[in-house]
Protein chains: 2
Amino acid sequence: MARVNRLFMASSRKARLYGGMDAEERRTERRLKLIDAAIEVYGEVGYRSATVKAICEAAELTERYFYESFANSEALLIAAYNHVVGHLHEEMTAAAAAAGDDAEARLHAALTLYFTRLKEHPKPARVFLLEISGISPAVDAVKLDAGRVFSDILVPPVLDAKHGDRGAAATLLSTGMVGAVISIALRWVSKQYPQTVEDVVAIAASFCRVALTDLRLR
Amino acid sequence: MARVNRLFMASSRKARLYGGMDAEERRTERRLKLIDAAIEVYGEVGYRSATVKAICEAAELTERYFYESFANSEALLIAAYNHVVGHLHEEMTAAAAAAGDDAEARLHAALTLYFTRLKEHPKPARVFLLEISGISPAVDAVKLDAGRVFSDILVPPVLDAKHGDRGAAATLLSTGMVGAVISIALRWVSKQYPQTVEDVVAIAASFCRVALTDLRLR
DNA sequence: GTTATCTGACAATAAGGATTGTCAATTCTG
DNA sequence: CAGAATTGACAATCCTTATTGTCAGATAAC
């Protein structure tokens with residue numbers, strides 16, 4: 001337990017260095033290596049067949065460090081998912097913001113970024129499009145939340161929470177929109193990108209437009 | 001091996017009867033019981049935690065009969081999926097046909113049937129909405145095919161295969177449409193049907209309309 | 001250089017479930 | 001009824017992987 005060390009340290013003294021890194025830095029570095037390795041391995045063989053051992057080998061670490069950072073495989077899946085998706089969502093948000101105020105332009109920008117990244121990184125793509133379904137309630141919850149965020153980026157929630165009564169219907173619209181975009185993405189990826197990013201974005205956008213206009217009319 | 005018996009039979013002689021049933025009848029009956037039990041158990045605990053033993057108990061059969069009808073758990077999942085979805089698709093097709101020639105009316109009829117059944121049978125719903133993702137390439141293929149059928153029912157393929165060049169884009173439209181409908185269904189089911197069937201159908205229909213009109217414009 | 005800490009390799013353990021095999025009881029055929 | 005086929009219960013085996021534990025060697029601090 002690293003905690004024991006703390007007892008001997010004044011509040012801000014650093015732990016012993018290894019490889020120039022403090023104990024906590026080393027730990028987070030290992031954690032990151034595990035997440036990267038997990039994405040790699042999931043991309044190769046899928047989450048279900050990805051063993052702890054295989055991931056550790058890919059990360060050039062031993063099992064011990066797996067359990068140092070994660071309680072179990074599922075925790076790593078969630079961490080990997082959040083890692084990839086969190087970053088992607090940040091970028092999408094930024095892209096949307098950079099596109100100005102026009103809803104249509106923002107939508108186009110966010111989707112373009114989404115599909116561009118998807119094409120650039122096929123393996124992470126697999127993690128967050130496919131591997132994440134139906135593993136466990138905890139994982140489903142994570143996915144659900146990511147979907148909500150995704151939706152809010154594409155079509156900022158003007159009415160979502162406000163119109164209590166209509167809120168539920170709005171949720172279904174968002175859900176449908178995200179489902180359409182993700183399904184399109186999944187197919188596009190698994191067929192190895194037969195269309196240009198532009199073309200796919202155009203198709204995805206038409207589904208988003210449904211949600212956009214329907215939400216306004218309500 | 002039941003085959004050995006055949007050697008002693010003239011071409012059409014029946015096998016020994018048990019419980020009034022011929023060997024093959026008994027076998028198919030057991031197969032069906034296993035499929036029903038599987039749907040039940042998947043609905044309770046999910047495919048991943050559904051053990052062969054539990055399914056056999058639910059079917060009131062022993063493991064031996066599991067392996068008589070299925071090579072492994074995955075085979076049973078596929079059979080259960082096809083069983084449920086095949087039936088559903090038949091009904092949807094019939095409903096669409098009964099609704100006449102108007103595309104909009106047919107769409108409405110098919111969707112109404114879909115969501116109605118979904119509400120009537122929560123457990124099968126779980127099997128074919130959720131459990132089926134990312135198990136294995138074989139299972140994914142089955143799902144993909146079901147999606148195609150589903151799409152063809154909702155929006156009959158006027159242009160799909162014909163316009164070779166545009167075919168790929170049409171596929172993405174269908175994919176998006178089915179993805180939207182299924183995502184909506186999934187959410188609706190998991191929130192325990194907060195809206196009326198009518199309302200959900202209306203929302204789902206608006207996504208289908210995108211595909212419908214876009215496919216015509218191409 | 002000595003000592004405490006950290007690391008890597010790997011053994012040991014544990015657990016869960018699939019798949020196969022055995023055998024006695026049951027049900028049919030003649 | 002006698003004999004063969006069929007069934008049900010359940011044990012035995014086999015595998016796979018997660019998880020924990022051990023230990024010798026490497027690394028940094030003093």
Side-chain angles (χ1 to χ4, degrees), chain A residues 1-10 13-31 33-34 37-38 41-42 45-77 135-136, chain B residues 1-10 13-31 33-34 37-38 41-42 45-77 135-136:
Chain A
M1 295 291 155
R3 221 167 294 152
V4 177
N5 286 332
R6 301 275 163 78
L7 295 173
F8 297 100
M9 283 186 268
R13 202 141 116 255
K14 292 239 171 133
R16 177 180 200 168
L17 299 182
Y18 257 71
M21 283 182 281
D22 151 334
E24 200 178 315
E25 289 171 329
R26 295 196 302 276
R27 216 165 45 70
T28 47
E29 157 122 346
R30 287 192 289 261
R31 191 187 140 91
K33 283 181 81 173
L34 282 167
V41 175
Y42 296 160
V45 305
Y47 169 70
R48 266 162 217 90
S49 332
T51 65
V52 170
K53 198 178 175 190
I55 291 170
C56 292
E57 272 167 16
E60 298 175 298
L61 291 171
T62 61
E63 291 97 318
R64 179 208 310 205
Y65 295 112
F66 180 93
Y67 294 101
E68 175 194 52
S69 286
F70 305 99
N72 50 46
S73 306
E74 193 180 307
L76 174 53
L77 174 64
I135 306 286
S136 80
Chain B
M1 295 288 156
R3 222 167 293 152
V4 177
N5 286 331
R6 300 278 163 76
L7 295 175
F8 296 101
M9 283 186 267
R13 200 139 118 254
K14 294 237 169 130
R16 181 179 197 168
L17 299 182
Y18 258 70
M21 284 182 280
D22 154 333
E24 200 177 315
E25 287 170 329
R26 294 195 306 275
R27 214 164 47 69
T28 48
E29 158 124 345
R30 285 192 291 260
R31 192 188 140 91
K33 282 182 82 173
L34 283 167
V41 175
Y42 296 159
V45 304
Y47 169 70
R48 267 162 217 90
S49 330
T51 65
V52 171
K53 197 178 175 189
I55 291 170
C56 291
E57 273 167 15
E60 300 176 294
L61 291 171
T62 58
E63 290 98 317
R64 180 207 312 203
Y65 295 112
F66 180 94
Y67 294 102
E68 176 195 52
S69 286
F70 306 100
N72 50 47
S73 306
E74 192 182 309
L76 174 53
L77 174 64
I135 307 284
S136 79

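Sequence lines set the chain letters: A, B, ... in the order given, protein chains first and strands last, and positions in each chain run from 1.
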Which pair of non-hydrogen atoms, one from [X] and one from [Y], has the smallest distance, and what is that distance?
| X | Y | answer |
| --- | --- | --- |
| A/F66 | A/C56 | CB-SG, 3.8 Å |
| A/S136 | A/E74 | OG-OE2, 2.8 Å |
| A/L34 | A/Y65 | CD1-O, 3.5 Å |

Mapping B/G19 and B/S49 onto DNA chain C by nearest heavy atom, which one lands closer to the 5' end? B/S49

Pairwise 5' ranking along DNA chain C for A/T62 and B/V52, keeping only the more 5' one: A/T62

Rounded interatomic separation in angstrom, taking [atom1] from [X] and [atom2] from [N]:
| X | N | atom1 | atom2 | answer |
| --- | --- | --- | --- | --- |
| A/R27 | C/dC6 | CZ | C1' | 14 Å |
| A/R30 | C/dG8 | CZ | C1' | 11 Å |
| B/K53 | D/dG8 | NZ | P | 16 Å |
| B/I55 | C/dG17 | CD1 | P | 12 Å |
| B/E57 | D/dG8 | CD | P | 14 Å |
| B/R48 | D/dA18 | CZ | P | 16 Å |
| A/E63 | D/dT22 | CD | C1' | 14 Å |
| A/D22 | C/dT5 | CG | P | 16 Å |

Between A/N72 and B/R26, just flag the one whose closest nucleotide in DNA chain D comes earlier from the 5' side. B/R26

Would one find a side-chain N or O of B/R64 under 4.0 angstrom from OP1 or OP2 of D/dC10? no

Give a yes or no on whether a donor-acceptor pair under 3.5 Å exists between the nucleobase atoms of D/dA18, that is its base, and the side chain of A/Y67. no

Quick one: does A/R16 reach the base of D/dA28 with a side-chain donor-acceptor pair under 3.5 Å? yes

Name the closest nucleotide to the [X] side chain, picking from [options].
| X | options | answer |
| --- | --- | --- |
| A/Y65 | C/dG17, C/dG8, D/dC10 | C/dG8 |
| B/Y18 | C/dG8, D/dA5, C/dT29 | D/dA5 |
| A/L17 | C/dT19, C/dA18, D/dA29 | D/dA29 |

In sequence, state the C-alpha distance, the side-chain angles, and the governing distance for B/E63 and B/K53, and then conclude on salt bridge (charged side-chain N to carboxylate O under 4.0 Å, His left out). CA-CA 6 Å; B/E63 290 98 317; B/K53 197 178 175 189; 5.9 Å; no

Less than 4.5 Å apart, side chain to side chain, heavy atoms only: is that true for B/T62 and B/E57? no

